[in-house]
Amino acid sequence: MTDTLTKPSPHTGDPSSRRGLFLLAAVLGLCVIAIGSYLVLASYFLRTEAAQTPERAQFFASSIDDALTRLEHLPYVLSIDESTVNALVTGETAELNPILADIASRAGAEFVFVLDLNGKTVASSNYRDTDSLVGKYYTFRPYFRDAVVGGAGRFYAVGVTTGRPGYFIAEPVRDETGTIQGVVTVKIGFNDLNRALSGNGELVLVADEQGVVLASSDPDLIYGYMAPLSDGDRRTLAEQQQFGGETLFPLDWTPESDRRARLDGTAYVWTKADLEEEDWSLHLLSEVRNSRRQALLYVAGGLMTLLLLTVAASVYRAAQLRSALALSNADRKRLTREIEERRNTEKKLESARSELAQKEQLAALGQLSASITHELGQPISAMRNYLVAEEIAANAEPNALWPQLSGLLDRMQRIVDQLRLFGRTSATGATAFPVQETVIAAAQLVQHTAREVGTRLTFDMPEEPVMVRGRPERFEQVIVNVLRNAIDATEGMDEGVVDLSMAERDDTVVVRIEDNGHGLGDLNIADLSKPFFSTKPSGKGMGLGLAISGQIINEMGGTLHAENKADRGAVFMITVPTQAASNG
């Protein structure tokens, strides 16, 4: 039997290898498309920029022409003015100075000045300044030479006195016979022009016929020359002192074509426009890299869009998988939530049961306390009356005959008083009452007890009455209970003090009762409010005061809080809503 060997087909192979080759081909194809798109877009944006720049360049050139001719009428108007002519003829030019200063200020000219036939400045708008032109000679300036022979002078120069560049316009001053008596000159500052060019966001240069930059949006390029200066040009500039003390320097300027040039190594789209008023040229330069950057942004945007579409497809596929997983997670969370809700319900039920049991206990205790106080009240009163009668008959001091029996009666009376308070109900409903009056009434009831133990009571309450809604006699019980607890806490101290203060805050009334006693220890208001819980020794109380007080404050919609002070003692805070808040 002959075995037949089968060669693997070139179209079959490892699936992972085929996927790798496909991915590599896709990446290479994408790179080719991106590079080609970049080249096409860069060329398009460069052509667009080159087509748009001539119009912008001509706009800048026209704006500079307008700036140069803005005040060209002013020298002529001043030259024919009678005051100017008379001042030059008579030589009395002092009165001309303030007139020129006012004209320069109103016209927006940097300087307006008058020269005599010798080129001396006889009046100037800056006559008050330290760099005044008055008395200076400018016979070397071309604008003076042109005007003194009857022509109109125009010249750009850096002021030899002020050091500031400007454009000078001069006109001859003629008398009635037509004889030239002097020259009127107006200087237009170039600093404002430079600032205006800097605000357009493009690189703009204004150069004279020798190629020296006179104005630019980049101040560092001013006084640079775009082409080498001849010896004759340098001699002329020196004679005319056109650039004053400024140093001219060569620019790294290389024209590459009619529309492309390099400046300081940076490639620009170059547009040139000529000015009408002067033999100057304006050069508008737009960086080539701006067009390339714009093309790169477009390509990057396209790639990002493609990437986002790819990611979106992947996200959609992953979302389908997550949807199935989310369904199972939702069932698990729902079950967990139901278990948690059941636990919370059980806790609330247990709390409700505990609260119901406590209320039932308090209700039963109230009925029991009413019965006890009724049965014991009269016998205790009879026994006290009997002891008092015996003391009166024996002419003895109070509690002197049978002090132990008197003490027992006092203890029994206090217990009955607490039981009476616990079981007491009011026949009237809730009414509006002033808190201050109730607090004062409660304080009067405990003043005697405070004096006996040597405790000082202080009060700080607002003068204006603060109204709350409730049962005033029950609120009085609360204040009495808390004051008595505070007085008991300070008993036996050298300087026992109980401070009661009241304040109104955000539609609530807060009554603070502070003492410097032994404090609460590790207890809190929940412990102290339990029925029959007491920190006092036997016979001093039944532990019902704070339980009753808390119930009364809760009925008024308020809270009772207690805590230890930072230094010593405790503070009880009773917070109840005002009448306005209760009605709302």
Walk me through it: do Val576 and Ile553 pass the test side-chain contact (heavy atoms from CB on, under 4.5 Å)? CA-CA 7 Å; Val576 292; Ile553 297 301; 4.2 Å; yes

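- Looking at Thr508, its side chain does come within 3.5 Å of a backbone N or O of Arg505 through a donor-acceptor pair.
- Distance check: Met461 CE to Glu437 CD gives 10.0 Å after rounding to the nearest 0.5 Å.
- Two residues are said to be in side-chain contact when any heavy atoms from C-beta on lie closer than 4.5 Å; Leu221 and Leu203 meet this criterion.
- Residue pairs meeting the ring pair (Phe, Tyr, Trp, His ring centres under 6.0 Å) criterion with at least one member in residues 442-498, sequence neighbours excluded, are Phe433-Phe475.
- Across Ser125 and Glu110, no two heavy atoms sit closer than the pair OG-O, 4.2 Å.
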Arg322 and Val315: side-chain contact (heavy atoms from CB on, under 4.5 Å), yes or no, with the steps? CA-CA 10 Å; Arg322 286 196 302 270; Val315 169; 4.3 Å; yes

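- Ile339 has its side chain within reach of Leu335: a pair of non-hydrogen atoms, C-beta onward, lies under 4.5 Å apart.
- Between Pro462 and Val466, the shortest heavy-atom distance links the atoms CG-CG2, 4.2 Å.
- Annotation: side chain of Glu563 is in contact with side chain of Val571 (closest heavy-atom distance under 4.5 Å).
- Tyr316 contributes atom OH, which lies 11.0 Å from atom CG of Leu321 (distance to the nearest 0.5 angstrom).
- Using a 4.5 Å cut-off on side-chain heavy atoms (C-beta onward), Leu483 and Thr449 make no contact.
- Atom CD in Glu476 sits 14.5 Å away from atom CZ in Arg471 (nearest 0.5 Å).
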Show, in sequence, the C-alpha distance, side-chain angles and deciding distance for Glu338 and Arg334, and conclude whether the salt bridge (Lys or Arg N to Asp or Glu O under 4.0 Å) test is met. CA-CA 6 Å; Glu338 290 177 354; Arg334 179 178 54 79; 3.4 Å; yes

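- Heavy atoms of other residues, nucleotides or ligands lying less than 6.0 angstrom from CD of Glu464 number 12 at most.
- Side chain of Ser216 to main chain of Val204: a donor-acceptor pair is present (N/O by atom type, distance under 3.5 Å, no hydrogens or angles).
- When atom types are taken as modelled, the side chain of Thr455 and the backbone of Gly496 share no donor-acceptor pair closer than 3.5 angstrom.
- Heavy-atom contacts from other residues, nucleotides or ligands closer than 6.0 Å to CG of Asp331 number more than 12.
- Contact detail for Pro472 and Thr431: the closest heavy-atom pair is CD-OG1, 3.9 Å.
- In this structure Glu514 satisfies the side-chain hydrogen bond (donor to acceptor under 3.5 Å, both in side chains) test together with Arg512, sequence neighbours excluded.
- Within the structure, no pair that satisfies the ring pair (Phe, Tyr, Trp, His ring centres under 6.0 Å) test touches residues 476-497, not counting sequence neighbours.
- Counting only heavy atoms from C-beta outward, the side chains of Thr336 and Glu340 never approach each other to under 4.5 Å.
- Distance check: Ile552 CD1 to Glu555 CD gives 7.0 Å after rounding to the nearest 0.5 Å.
- Atom NZ of Lys333 is surrounded by 12 or fewer heavy atoms from other residues, nucleotides or ligands within 6.0 Å.
- Inter-residue side-chain proximity for Leu457 and Val446 is flagged as met; some heavy-atom pair is nearer than 4.5 Å.
- Under the 3.5 Å distance criterion, the side-chain polar atoms of Asn564 are matched with a main-chain donor or acceptor of Leu520.
- Interatomic distance, CD1 of Ile513 versus CG of Asn481, reported as 10.0 Å (0.5 Å rounding).
- In this structure, Ser105 contributes its side chain and Ala101 its backbone to no donor-acceptor pair below 3.5 Å.
- Scanning both residues, Ile188 and Ala67, for their nearest heavy atoms gives CD1-O, 3.7 Å.
- No side-chain donor-acceptor contact under 3.5 Å links Asp131 to the backbone of Thr162.
- Under the 4.5 Å side-chain criterion, counting only non-hydrogen atoms from C-beta, Arg474 is not in contact with Met556.
- Between Asn516 and Glu495, the closest heavy-atom pair is ND2-O, 2.9 Å.
- A pairwise comparison of heavy atoms in Met493 and Gly517 identifies SD-CA, 3.7 Å as the closest pair.
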Does the pair Asp499 and Asp460 meet the rule for a side-chain contact (heavy atoms from CB on, under 4.5 Å), with working shown? CA-CA 8 Å; Asp499 298 322; Asp460 181 14; over 6 Å; no

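- No donor-acceptor pair closer than 3.5 Å links the side chain of Arg469 to the backbone N or O of Pro577.
- Between the CE atom of Met502 and the CD1 atom of Ile479 there is a distance of 10.0 Å, given to the nearest 0.5 Å.
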